[in-house]
Student: 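Provided herewith is a single structure, encoded as structure tokens, for subsequent inquiry.
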Amino acid sequence: MGVGRTTHIRIGVGALALTTASAALAELPDAPAGHATREIHSVAALAIFGGLVVFAVILSLLHLYERNRWTRRERELAAALDVLRGAHDRAEMLLNAERQIIVTWDRRSEPVVEGDISLAINGERPASGYARRVLAFGTWLVAADATAVEAAVETLRTRGTGFTLSLRTQTGRSIEAHGQAVAGRALLRLRETSQERSEIADLRATLDETRRGLSTLSGLLDAIPQPVWRRTREGSLSWVNAAYVNAVEAESREAALDAGLELFDRPARETIAREEAARAAGLTRSLPRLSAIVAGSRRMLDVFETSLDTGRVGIAIDVSELESVRADLQRQMNANVRTLDQLPTAVAMFDVSQRLIFHNAAYRQLWDLDQAFLDSRPSDGEILDHLRAKRKLEEHADFRGWKQGVLAAYRAAEANQTWWYLPDGRTLRVVADPNPQGGLTYLFDDVSDHLNAESRYNALRRLQAETLDTLAEPVAVFGADGRLTLANRAFLTVWRLDPALVEERPHVDAVIAACRELAPAEEPWLDIRDAVVGLESRTARSCRLDVADGSVLDCAAQPLPEGATLLTLIDITASVNVERALTEKNDALVKAAQLRDTFVHHVSYELRSPLTNIIGFTQLLGDETVGALNERQREYADHIMRSSAALLVIINDILDLASIDAGSLELQREDMDVQASIEAAVRGIEDRLAESRITLSLDVPEDIGSVHADGKRVRQILFNLLSNAVGFSEAGQRVEVHARRDGQDLLLSVRDYGRGMPPEIADSVFNRFESHTLGTRHRGVGLGLSIVRSFVELHGGRVHLETTPGEGTCVICTFPLDPTARPRREPVLEVRSPAPPAAAARKPGLALH
């Protein structure tokens with residue numbers, strides 16, 4: 001409720017009270033005149049006065065209250081106005097702090113544009129209409145950006161959807177446009193970002209370069225094998241390299257820093273700090289050498305740590321190897337002294353002042369010098385004078401000049417070698433080697449024995465060369481270094497080498513290069529080179545060389561003592577020519593056999609089809625399907641049928657052998673009943689038995705059982721054996737078939753009592769196309785027994801042949817009951833005499849040995 005309205009209400013209340021009092025006085029009943037009337041009027045006047053007083057008091061109080069209230073209100077409004085002015089000043093200051101434009105829209109008024117208008121109008125600010133110039137985006141923005149910002153402003157004003165766009169002016173400046181809805185108004189802020197982007201790009205480039213530098217430095221520090229660390233001012237670790245992480249056996253850099261894993265213990269770190277302070281003060285320049293556990297092992301480290309503004313950095317250099325090398329060097333020096341003392345070569349060392357500082361026992365023994373004299377450190381000149389006085393040096397007409405020549409080695413830049421011939425006949429090779437730090441080292445080597453041995457060696461070498469020259473075979477000797485030592489005239493003649501080449505002792509590679517012009521094949525020369533200079537085991541080797549003139553040489557490389565190699569060549573041209581002729585003949589025979597087999601295989605296949613047609617049509621004629629036949633025609637048809645069947649059997653046998661040779665024939669194994677298979681084979685030969693009047697005897701036990709084999713092939717084996725037995729038997733004779741189990745084998749035998757076979761025929765009876773009638777009517781192509789042997793071998797068995805001329809033949813086939821129990825065995829062919837008649841009567845037809 002307003003202040004004025006409250007005052008009016010309160011004044012109205014006072015007036016109402018006064019009016020009420022007057023009305024009450026006016027409604028008093030009329031009173032008698034006189035004294036009572038006067039009292040009544042006095043009371044009424046008093047009441048009116050009291051009402052007026054009350055009204056005045058209330059009115060005065062109300063006026064004072066409202067005046068104080070308005071005074072406070074004016075103060076509050078003034079304070080609020082000051083705040084608003086300050087906020088307006090700050091807003092204007094912030095608005096003008098950078099180049100930007102603020103555009104606001106409400107629902108009913110025109111847009112208000114504030115800020116740096118020159119940002120949009122590209123020049124002077126016009127007197128009027130600048131707001132339209134600012135909002136005409138197409139006049140100062142590129143076309144695509146103008147379209148985008150106009151669409152975004154329209155969406156902001158209609159839907160209140162905010163946006164942020166990066167714009168480009170027609171002059172190439174960058175503008176950032178940001179729109180949003182604030183308190184029911186649409187606000188658009190346009191701010192230039194060209195300079196900011198340039199500064200940001202520069203800052204980013206600087207930051208990237210700094211990061212690359214830090215990354216490179218970090219990678220470099222991680223690559224070095226020495227532990228490196230950085231500490232804060234408080235002394236805690238702030239960064240370590242990969243070598244430090246490995247040294248403290250941490251999982252990662254972060255784990256090492258989080259755990260504060262130290263490479264050195266506290267006393268060592270205090271020592272490092274003291275040494276660093278002393279080095280900073282210039283009191284010392286040496287690095288502290290401390291012991292620490294690095295990657296689980298104790299190492300010696302040189303530690304360098306220095307202070308920086310942000311803390312300290314340090315590095316630890318592993319000098320364990322240096323300490324070890326230093327100790328090894330000292331031990332090596334001591335060992336060298338002991339070694340030199342054991343050498344047969346005399347060694348003497350002199351310092352810069354030409355005084356003796358070291359000698360070994362061989363030096364003292366060579367010159368027979370007193371130990372006390374040597375311990376006095378005599379000079380080199382004094383030792384030479386002492387040796388001349390004792391007549392241990394050769395006589396020189398000008399000893400002084402010779403002595404000066406010997407002592408001139410102290411001023412030489414390189415080692416000097418001379419020969420001393422002593423009066424006692426010894427020859428010394430003297431090497432004077434100047435030391436880099438000054439002084440001289442003498443090496444006295446007694447080469448008397450060496451010279452004598454060399455003289456004898458040269459004589460022996462000349463003798464060997466003359467001996468080798470008398471040989472007709474080419475001979476060459478290579479030394480352990482692979483160089484040609486000896487070569488006779490025959491060797492030089494065969495390979496057309498210059499005799500001067502031998503004197504130069506060429507390497508085996510040079511000799512091979514010269515010889516390959518006549519024998520270009522590379523492989524034999526590689527074997528020869530490997531025999532001469534190979535690093536593997538030295539064994540005798542041989543190869544064959546084909547020379548361009550047609551001759552053939554057998555080369556043999558024989559190792560000799562001390563790494564030498566003897567190379568001998570033998571001309572085998574004649575024998576090679578004979579061998580080549582025999583090889584070519586054998587190849588021709590092999591090819592002829594292959595051609596024969598191929599021909600038989602193809603012809604057999606080509607014959608089967610027309611033969612099948614002949615058999616088919618003959619059966620049709622015999623069955624009189626196409627018409628009746630007379631007796632002679634039936635006889636001819638039967639004859640054709642028998643001949644065709646016999647021919648079909650021969651063709652099938654040839655195809656089976658071809659399949660066996662090609663390895664494509666596979667057995668169809670099954671549980672075969674032995675007795676049933678024998679009976680089936682017998683049924684196939686019954687007509688021939690009846691025609692030839694041959695008696696067949698079967699000796700097959702009832703419990704013979706079954707065997708795991710190819711029944712068809714077993715029946716074919718028995719059929720061929722029975723056919724062969726019937727063919728070589730006379731009318732009235734007997735053919736016997738026996739079946740037995742012998743351990744792990746099944747024995748099937750077929751015996752006849754015909755003519756038998758002589759040994760020369762029995763040896764080839766199982767060969768293909770070997771047919772021998774032996775005066776009987778039996779004819780065949782010689783494939784039956786070959787088929788038998790092949791099928792038995794496929795079953796893993798073997799075949800025995802027992803025959804005696806005039807008494808008959810027995811063929812025994814052995815089949816393993818378990819084909820996987822033992823490997824396949826080669827067939828055994830035996831020619832034996834049959835059992836006596838009595839034995840044959842007891843067990844007819846079975847003869848096993």
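Computed from heavy atoms alone, side chains included, the values below leave out hydrogens, waters and symmetry copies.
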Student: For atom CZ of Arg391, decide whether the heavy atoms of other residues, nucleotides or ligands shown that lie under 6.0 angstrom number more than 12.
Tutor: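 It does not: Arg391 CZ has 12 such atoms or fewer within range.
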Student: Looking at Asp554, Leu553, Asn577, which one forms a side chain to side chain contact (heavy atoms under 4.5 Å, CB included) with Ile572?
Tutor: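 So the option named by the test is Asp554.
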Student: Got a sec, which residues hit side chain to side chain donor-acceptor pair (under 3.5 Å) with Gln332, two or more places apart in sequence or on another chain?
Tutor: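 Once residues adjacent in sequence are excluded, the partners of Gln332 under the side chain to side chain donor-acceptor pair (under 3.5 Å) criterion are Asn336.
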Student: May I ask you to test the Val477-Leu560 pair for a side-chain heavy-atom distance under 4.5 Å?
Tutor: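 Yes. Closest side-chain heavy atoms under 4.5 Å.
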Student: Is it true that Glu584 and Lys591 make a salt bridge, defined as a side-chain N closer than 4.0 Å to a carboxylate O?
Tutor: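 No salt bridge links Glu584 with Lys591.
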Student: Is there side-chain contact between Val511 and Leu484, with heavy atoms separated by less than 4.5 Å?
Tutor: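 Side chain of Val511 against side chain of Leu484, heavy atoms only: contact under 4.5 Å found.
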Student: Decide if atom CZ of Arg489 counts as having more than 12 heavy atoms of other residues, nucleotides or ligands within a radius under 6.0 Å.
Tutor: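 Count not over threshold, so no.
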Student: For Asn435 and Thr441, which I'm curious about, is there any donor-acceptor pair between the side chains at under 3.5 Å?
Tutor: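 Result is yes, a qualifying pair exists.
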Student: If a pair satisfies side chain to side chain donor-acceptor pair (under 3.5 Å) and one of its residues is in residues 491-501, list it, with sequence neighbours excluded.
Tutor: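 The answer is none; no pair qualifies.
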Student: Taking only residues two or more places apart in sequence or in another chain, which ones pass side-chain contact (heavy atoms from CB on, under 4.5 Å) with Val533?
Tutor: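 Per chain and number, Val533 pairs via side-chain contact (heavy atoms from CB on, under 4.5 Å) with His507, Val508, Arg529.
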Student: How far apart are the C-alpha atoms of Tyr442 and Phe350, what are their side-chain angles, what is the distance that settles it, and do they pass the ring-ring contact (aromatic ring centres under 6.0 Å, His included) test?
Tutor: CA-CA 8 Å; Tyr442 283 105; Phe350 294 85; 5.7 Å; yes
Student: Determine whether a donor-acceptor pair (N or O, by modelled atom type, separation under 3.5 Å) exists between the side chain of Asp530 and the backbone of Leu526.
Tutor: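 Checking the backbone N and O of Leu526 against the side chain of Asp530, no donor-acceptor pair under 3.5 Å is found.
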Student: I'd like to know if the side chain of Arg298 pairs up with that of Ser291 as donor and acceptor (distance under 3.5 Å, no hydrogens or angles considered).
Tutor: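 Yes, a side-chain donor-acceptor pair sits under 3.5 Å.
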Student: Taking ring-ring contact (aromatic ring centres under 6.0 Å, His included) as the test, write out the residues that go with Phe373, two or more places apart.
Tutor: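 Expected list: His386.
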Student: Would you list the pairs meeting side chain to side chain donor-acceptor pair (under 3.5 Å) in which at least one residue belongs to residues 348-359, sequence neighbours left out?
Tutor: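 Residue pairs with at least one partner in residues 348-359: Asp351-Ser353, Asp351-Arg377.
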Student: Considering only NZ, NE, NH1 and NH2 on the basic side and carboxylate oxygens on the acidic side, decide whether Arg505 and Asp481 come within less than 4.0 Å.
Tutor: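 A salt bridge is present here (some side-chain N lies under 4.0 Å from a carboxylate O).
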Student: Considering all heavy atoms of both residues, which atom of Asp222 and which atom of Ala242 are nearest to each other, and what is their separation?
Tutor: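 That would be OD1-N, 2.8 Å.
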Student: Give a yes or no on this: more than 12 heavy atoms of other residues, nucleotides or ligands lie within 6.0 Å of atom CD of Glu522.
Tutor: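 Open: at most 12 neighbouring heavy atoms sit under 6.0 Å from CD of Glu522.
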Student: Taking Asp380 for the side chain and Val406 for the main chain, is one N or O donor matched with an acceptor at less than 3.5 Å?
Tutor: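 No.
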Student: Give a yes or no answer on whether the side chain of Arg426 reaches the backbone of Tyr421 with a donor-acceptor pair at less than 3.5 Å.
Tutor: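 No, the answer is negative, given that no donor and acceptor are paired below the 3.5 Å cut-off.
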Student: Within the structure provided, determine whether Leu374 and Leu356 are in side-chain contact (heavy-atom separation under 4.5 Å).
Tutor: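 Result yes, sub-4.5 Å side-chain heavy-atom pair found.
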Student: Could you list all the side chain to side chain donor-acceptor pair (under 3.5 Å) pairs where at least one residue sits in residues 261-273, not counting sequence neighbours?
Tutor: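 Those involving residues 261-273 are Arg231-Glu262, Thr271-Arg274.
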